[in-house]
Amino acid sequence: QVQVVESGGGLVQAGGSLRLSCVVSGRPASRYAMGWFRQAPGKQREFVAAISWNGGSTDYIDSVKGRFTISRDNAKNTVYLQMNSLQPEDTAVYYCAVCRTPGFRVRVDEYEYWGQGTQVTVSS
């Protein structure tokens, strides 16, 4: 059984930083791309960042480019999302997901396994 567990969320002031972690068990995540999504209250879940199976390619939503960095450590089956210069509009539940393919994708339905999410709240 595949499990995806996120951690690292919390409350931070605008301009602050957080580092999210995502550990995958039950499947060698190194064979698949990984992604981070977020969902704010009353909004649809949206793509934030993704990384290919070997970390060679990444992609970000425009609003986080230059502020967020996705990375992975395949030896630890772990993916990270470093979030800097956080803004109130970044407030959401952040979800980690395992893609169906080695190359990254940006659509929710292209991801097979999901974590329960971790809350990120940015105060102004």
Side-chain angles (χ1 to χ4, degrees):
Q1 185 176 356
V2 178
Q3 285 191 317
V4 181
V5 180
E6 306 97 334
S7 62
L11 173 63
V12 64
Q13 288 188 330
S17 298
L18 285 173
R19 188 195 196 200
L20 305 183
S21 298
C22 169
V23 179
V24 180
S25 60
R27 173 182 247 190
S30 59
R31 299 178 184 177
Y32 302 93
M34 298 289 296
W36 286 97
F37 292 74
R38 66 187 180 187
Q39 188 166 16
K43 294 188 177 181
Q44 289 189 331
R45 191 169 299 189
E46 67 173 355
F47 168 80
V48 176
I51 187 166
S52 61
W53 69 279
N54 63 353
S57 298
T58 58
D59 194 21
Y60 301 89
I61 192 173
D62 284 347
S63 61
V64 308
K65 286 181 179 177
R67 300 189 297 123
F68 290 11
T69 303
I70 188 171
S71 61
R72 67 188 300 161
D73 183 342
N74 284 342
K76 297 181 178 180
N77 256 17
T78 301
V79 177
Y80 306 98
L81 186 66
Q82 178 66 44
M83 305 186 296
N84 299 329
S85 302
L86 283 161
Q87 300 301 315
E89 52 265 35
D90 295 316
T91 295
V93 177
Y94 283 70
Y95 296 91
C96 177
V98 182
C99 192
R100 300 178 190 275
T101 62
F104 64 77
R105 299 289 185 267
V106 300
R107 284 172 24 197
V108 170
D109 62 358
E110 292 170 317
Y111 286 76
E112 185 170 7
Y113 299 102
W114 294 80
Q116 293 299 306
T118 184
Q119 177 70 48
V120 172
T121 303
V122 185
S123 62
S124 57

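Start at 1 with the first residue, then count along the sequence. Note: hydrogens, waters and symmetry copies are ignored here, and every other heavy atom, side chains too, is used.
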Side-chain donor-acceptor pairs under 3.5 Å in residues 9-20, sequence neighbours left out?
from: Ser17; atom 1: OG; to: Asn84; atom 2: OD1; distance (Å): 2.9

For Asp109, does its backbone N or O pair with a side-chain atom of Arg100 as donor and acceptor, under 3.5 Å?
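Indeed, once roles are kept as given, a pair shorter than 3.5 Å links the two residues.
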Given 3.5 Å as the limit, does a donor-acceptor pair link the side chain of Arg72 with the main chain of Gly55, or not?
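No.
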Once side chain to side chain donor-acceptor pair (under 3.5 Å) is applied, what residue pairs with a partner in residues 28-37 remain, sequence neighbours excluded?
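Counting only pairs at least two positions apart or across chains, no side chain to side chain donor-acceptor pair (under 3.5 Å) contact touches residues 28-37.
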If two hydrophobic side chains count as joined below 4.5 Å and joins carry through other members, does Ile61 share a cluster with Ile70?
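Same cluster.
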Would you say Val122 ends up clustered with Tyr60 if hydrophobic residues are merged whenever their side chains have heavy atoms under 4.5 Å apart, either directly or through other cluster members?
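Both belong to a single hydrophobic cluster.
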Nearest atoms (heavy-atom pairs only) where Val23 meets Lys76
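Smallest heavy-atom distance, with atoms named: CG1-O, 4.5 Å.
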Provide the closest heavy-atom pair for Glu110 versus Val106 in the form atom of the first, atom of the second, distance.
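Residues Glu110 and Val106, closest heavy atoms: OE1-N, 3.5 Å.
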Partner set under side-chain contact (heavy atoms from CB on, under 4.5 Å) for Trp53, not counting sequence neighbours:
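Trp53 satisfies side-chain contact (heavy atoms from CB on, under 4.5 Å) with Pro102 only.
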Could you work out, with side-chain contact (heavy atoms from CB on, under 4.5 Å) as the rule, every residue matching Gln3, not counting sequence neighbours?
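Gln3 satisfies side-chain contact (heavy atoms from CB on, under 4.5 Å) with Ser25 only.
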For Lys65, which residues count as a salt bridge (Lys or Arg N to Asp or Glu O under 4.0 Å) partner, sequence neighbours excluded?
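Salt bridge (Lys or Arg N to Asp or Glu O under 4.0 Å) check on Lys65 returns Asp62.
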Under the rule for salt bridge (Lys or Arg N to Asp or Glu O under 4.0 Å), what residues qualify as partners of Glu89, not counting sequence neighbours?
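Here no residue qualifies.
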Pairs in or reaching into residues 36-59: which pass salt bridge (charged side-chain N to carboxylate O under 4.0 Å, His left out), with residues at least two apart or in two chains?
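Matches after skipping sequence neighbours: Arg38-Glu46, Arg38-Asp90.
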Results of side-chain hydrogen bond (donor to acceptor under 3.5 Å, both in side chains) for Ser123 - residues two or more places apart only
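Ser123: no side-chain hydrogen bond (donor to acceptor under 3.5 Å, both in side chains) contacts found.
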Does Ser52 have any side-chain hydrogen bond (donor to acceptor under 3.5 Å, both in side chains) partners at least two apart in sequence or in another chain, and if so, which?
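Checked Ser52 against side-chain hydrogen bond (donor to acceptor under 3.5 Å, both in side chains); matches are Asn54.
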Would you indicate whether the side-chain heavy atoms of Gln116 and Val5 approach each other to under 4.5 Å?
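With C-beta onward as the side chain, the pair stays apart.
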Would you list the pairs meeting ring-ring contact (aromatic ring centres under 6.0 Å, His included) in which at least one residue belongs to residues 74-115, sequence neighbours left out?
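Counting only pairs at least two positions apart or across chains, the ring-ring contact (aromatic ring centres under 6.0 Å, His included) contacts touching residues 74-115 are Phe37-Tyr111, Phe37-Trp114.
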CG/Asn74 to CE/Met34 distance, rounded to the nearest 0.5 angstrom?
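Interatomic distance, Asn74 CG to Met34 CE, rounded to 0.5 Å: 9.5 Å.
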Gln119 CD to Gln39 CD distance, which is reported to the nearest 0.5 Å
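These two atoms lie 11.0 Å from each other.
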Residue pairs passing the disulfide (SG to SG under 2.5 Å) test where at least one lies in residues 27-95, sequence neighbours excluded
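Those involving residues 27-95 do not exist here.
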Which pairs, with at least one residue in residues 58-124 and sequence neighbours excluded, count as a disulfide (SG to SG under 2.5 Å)?
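For residues 58-124: Cys22-Cys96.
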Does the pair Val98 and Glu112 meet the rule for a side-chain contact (heavy atoms from CB on, under 4.5 Å), with working shown?
CA-CA 6 Å; Val98 182; Glu112 185 170 7; 5.6 Å; no
